[in-house]
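So you know, we letter chains A, B, ... as the sequences are listed, proteins then strands, and number each from 1.
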Amino acid sequence: MKKQRGGELIIVIGHNNTGKTVFATRLADGFNKRRDSVNLKSYPSNYYKLAVYDVQNRFSKHLRKGDLSIKTSDKDWCKKLLKMRKSLVILDDYKVLLPNDKMDSDLLDLLQFRAEYGIDIILIVHNPKLILERLSYYVDTYCLFYTAGNSNSFKGRVSGAERLIELKKVIDKEYKSYTREEYGNLYPNFPFIFYNGRNEEAKYINFKK
Amino acid sequence: MIEEDYKPVYDEVNPENLIGVTIEKDGTLKDVEDVFDYDKDSETIQKEIEEFNKNGETEEAKESFGFDDFAEEETDSENVESVISSDEEVVEDKGEIEDYFDSAEFVIFVTEIIIVFGTNFYLKYNKLDKITIKDFNKTAGQQKLLVKSWAKVLHKNNAKVSPEMELLFALGSAYGMKISSIVDSQKAKKYDELMKAQKKGTSTKKMRVEPKDEAVYDDSFTPSFDVDFENVEEVATSHEEYNRKEERKHDKKEKEVKKPSKGLIDLS
């Protein structure tokens, strides 16, 4: 049987001003390049769409006609996302969209059918504690920026917590090797660790040589 | 307990916990992007694309897909120009706007005739001067907008509102403002004439009035007002004015009854 496409779900964890959103905008750039290279007329209109929940208004330049900018008041955002195919969804501070931290059936559908519909999802959070427990069942790919808080915050929130706790120590050490000004000058190449739990690979990205 | 559990964030890495993890220290952003594999499609996607290639996109599918919200919001928040430019792109991408000029000209001409007829009916009712089709001089922009709306009606492209409604709005805004300005200017003109007449102490209308039958018309009667309101009845623009005029008429008649005219014999 032919291997089906994944429909990635990546969680980006990091403290404020560590470069999470900048990193996500670069992924959005990559997505836009991808859809530029495709003849969109040969696809239905719900293909190759970018959807963002963008509290900082950092993705407005990346959105094109027909893309979706989710509003906090929008209750049907999941239903809209479920209509997308071969698309990228970026939710910055996604928990705001979930009243009472409840994952409704539409969101669970989105997570379950993301591979079938070709929807890649990137969730951005400040702290591992903000990852809902049920969500952690679906995630095995993380981008780890410098994160405030202690190691315990990973427990029960991520799969392979022991690994991520160790990797957190690595990225924290890297972050602390810069002054605040030096860190700002790294823009847009901020250091982070990309950990893929499926094949247990950790890649240190933009680290000092 | 919490304090005991707390560990400072600068703990040294425990290599034991990373056993089995492949670590690459020279990773790049491309490593992350490579995770997104766009070349493998699921069965659902393959079926949908096959159906799309066979039958094209159905209107139902378009309607059920409500992602135009963003484009509208963005253009609205920027400015109206961008809305127009995005519409221009839609129509002009097809490279056919020039093809619609002839038919659009005809439709606009017919519409103008209908509108002139309707407007003149309104003006006549208000006892104002009629207008002609020449009063609808359009700017190049207005003309282009009308043609574009017509092109949309013919082509039914991705308009947000129905194209017919857009044409109606375009016509309404183009002609509605024109008509209202014409009517206003006419009313203002009439009002100015009336005011001038009041200042001079005589009404131009009064001068044109033929003397009435002596039996009814009393020369000896001199009204207390300089203006002959009876003859400028048509410029009464409000109920108040109309009521005031009626009262004056009534007073005048009462005076006429008290003062017998020349033609009548005083039986007392």
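- More than 12 heavy-atom neighbours from other residues, nucleotides or ligands sit within 6.0 angstrom of CD on A:Glu182.
- Counted within 6.0 Å of CD on B:Glu24, heavy atoms from surrounding residues, nucleotides or ligands total more than 12; the atom is thus considered enclosed.
- Here the side chains of B:Val21 and A:Glu201 are not in contact, with every heavy-atom distance at 4.5 Å or above.
- Taking a cutoff of 4.0 Å between a charged side-chain nitrogen and a carboxylate oxygen, B:Asp41 and A:Lys86 qualify as a salt bridge.
- Annotation: B:Lys30, atom NZ; neighbour count of heavy atoms from other residues, nucleotides and ligands within 6.0 Å does not exceed 12.
- Counting only heavy atoms from C-beta outward, the side chains of B:Leu18 and A:Leu167 approach each other to under 4.5 Å.
- Atom CG of A:Asn17 sits in a sparse spot, with 12 or fewer heavy atoms from other residues, nucleotides or ligands closer than 6.0 Å.
- Here the shortest heavy-atom pairing between A:Tyr117 and B:Ser42 reads N-OG, 4.5 Å.
- By the neighbour-count criterion of 12 heavy atoms within 6.0 Å, atom OH of A:Tyr137 is densely surrounded, having more than that number from other residues, nucleotides or ligands.
- Options A:Glu200, A:Glu166, A:Arg85 differ in how many heavy-atom pairs under 4.5 Å they form with chain B, and the most are formed by A:Glu166.
- With sequence neighbours excluded, the residues forming a side-chain hydrogen bond (donor to acceptor under 3.5 Å, both in side chains) with A:Thr21 are A:Gln56, A:Asp92, listed by chain and number.
- If you check the side chains of B:Thr44 and A:Glu116, you find a donor sitting under 3.5 Å from an acceptor.
- Heavy atoms of B:Asp31 lying under 4.5 Å from chain A belong to its backbone as well as its side chain.
- For A:Tyr138, there are no ring pair (Phe, Tyr, Trp, His ring centres under 6.0 Å) partners at least two apart in sequence or on another chain.
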Subject >> Residue pair B:Thr28, A:Phe194: steps toward the side chain to side chain contact (heavy atoms under 4.5 Å, CB included) verdict >> reply: CA-CA 9 Å; B:Thr28 60; A:Phe194 176 60; over 6 Å; no

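- Judged purely by distance below 3.5 Å, without hydrogens or angles, the side chains of B:Glu48 and A:Tyr43 never pair a donor atom with an acceptor atom.
- In terms of heavy atoms, B:Phe36 sits closest to A:Ile10 at CZ-CD1, 3.8 Å.
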